[in-house]
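Worksheet for the structure shown next.
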There are 2 protein chains.
Amino acid sequence: MEPVLTEDEGMSAEGLEAPDGETLGRMIRDARKDKGMTLEEVARAAAIGRSTLSKIENNQTRASFDIIRRLMQALDLETPQLFVQSGKSDISGRRDFTRKGQGEHQETRTYDHELLCTELTSKRMLPYISTIKARDVSEFDTWVRHRGEEFMFVLSGEVTLYTEHYRPLQMKAGDSVYYDSGMGHGCVSTSAEDARVLWVSLDG
Amino acid sequence: MEPVLTEDEGMSAEGLEAPDGETLGRMIRDARKDKGMTLEEVARAAAIGRSTLSKIENNQTRASFDIIRRLMQALDLETPQLFVQSGKSDISGRRDFTRKGQGEHQETRTYDHELLCTELTSKRMLPYISTIKARDVSEFDTWVRHRGEEFMFVLSGEVTLYTEHYRPLQMKAGDSVYYDSGMGHGCVSTSAEDARVLWVSLDG
DNA sequence: GGGAAAAGTTTCCTATAGGAGAAAAATGAT
DNA sequence: ATCATTTTTCTCCTATAGGAAACTTTTCCC
């Protein structure tokens, strides 16, 4: 790792890229060889056909999602490994900052997310500030869930955090919460105005 | 989906499953709805057919890996989210919160750290609020370094973040920074008063 | 409510995924 | 080298994925 003495803005590293047909076969073959297994063995473990596996490894077919999923499990491939990152997945010697309000905005129906430090694409934590639009609690209907952990800090306003297995948690500015984001969760503003929260999300 | 109102202590969530045909469709539909997009729009973005997308969302087909991959990109879905696997994180189904000012205090010469959500001992991210005592910049002499990544958000006051390889970064309330904590780093208050920052640290 | 436009589903058809077994390589023992 | 055995690829066939368009449902005006 060499010191990066550059301007302060991060350089745009490339983000995550799913393996195209090209690389997918190679990766699977490599993984199999690495474990010293035969087509037969892996195919059996994944409950798919020998020939199918052969074709996949040789990129002679565009396998179904289901088949690939079973293969990954059979080969003990962590999913993230399958989705090669084109850039290195570490931020060795790097830094990136975002000035107030200058994050990358991404709006959904109920949230307005401002992604922070997005130049640093290989970071493991995902920090963002969400403006949660005021709305009636009764409107809360959809959980989000994604494997990992999440930390939330209320910057302003009042919110209610709903998570599976727990009763709703009323939160005010300055309060914070940490939870398994694999649980269904969602957040609504319970004050008259929009609320702002800082979220830091960690995958896996 | 409706909020589950239970006792506050976390019960062990059942293992998260890889998205079998069942859940995959729902996840995609949820993601699409959340973005307020129509089948047409998403299908266009992913370069697939409307009907195909409809079938996928309704679990009426076992889509190919390639199709799913394109969908994820179109929907900005992190891949790991899709491949939720049963290997649960240690805080599986758990939650912990800290009310403003109620964190566990830990004082050093220049900082007053308030650790957040400490009940949840197995969490991977370490969130804490630091009050950085006002002092002269010249006093800054020692760098801290520990393998991992760190995110910092300025809550109030003005601070200067020093990191190896970069020039000092002046920060005000609302600014944030993300950096490799393996680089030497340190933070001082550059305003007359103490500054408060929220830190989230991740090992390894 | 009624009518139009938008969103979503189903139908139909072609291309192909996926599996069983045959053919071909690769490996290995003597 | 020769032959047996294992491993991989290829051939063939059926089931179905995926797209175009017809059809149905929902949304939203007036």
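Note that the coordinates shown come from a computational prediction; the quantities given were computed from them, not determined experimentally. All chains are named by letter (A, B, ...) in the order of the sequence lines, taking the proteins before the strands, and each is independently numbered beginning at 1.
The side chain to side chain donor-acceptor pair (under 3.5 Å) search around B:Thr98 returns none, not counting sequence neighbours. Scored by the side chain to side chain contact (heavy atoms under 4.5 Å, CB included) test, A:Ser51 finds no partners at all (sequence neighbours excluded). Legend: residues meeting side chain to side chain contact (heavy atoms under 4.5 Å, CB included) with A:Ser156, ordered by chain and number and at least two apart, are A:Arg196. Looking at residues two or more places apart in sequence or on another chain, you find a side chain to side chain contact (heavy atoms under 4.5 Å, CB included) between A:Glu41 and A:Met37, A:Thr38. A:Glu40 meets the salt bridge (Lys or Arg N to Asp or Glu O under 4.0 Å) test with A:Arg44, A:Arg50; sequence neighbours excluded. By the side chain to side chain donor-acceptor pair (under 3.5 Å) test, B:Asp175 is found to be paired with A:Arg99, residues two or more places apart in sequence or in another chain being considered. Listed by chain and residue number, nothing satisfies the side chain to side chain donor-acceptor pair (under 3.5 Å) test with A:Glu114 (two or more places apart in sequence, or in another chain). The side chain to side chain donor-acceptor pair (under 3.5 Å) test applied to B:Gln102 returns no partner, not counting sequence neighbours. Considering only residues two or more places apart in sequence or on other chains, B:Ala46 meets the side chain to side chain contact (heavy atoms under 4.5 Å, CB included) condition with B:Ile48, B:Arg70, B:Leu71, B:Ala74.
Boundaries of the chain A contact region on DNA chain C are C:dA17 to C:dG21, first to last in 5' to 3' order (nucleotide atom under 4.0 Å from a heavy atom).
Here the side chain of A:Tyr178 pairs no donor or acceptor atom with the backbone of A:Glu149 at under 3.5 angstrom.
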statement: Nucleotide by nucleotide, nucleotides 5-13 of chain D touches protein heavy atoms under 4.0 Å in the pattern (B base, S sugar-phosphate only, - none) --SSBBB--

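Rotation axes derived from the C1' atoms of the five outermost pairs at either end of the helix from C:dG1-D:dC30 to C:dT30-D:dA1 lie 40° apart, to the nearest 10°.
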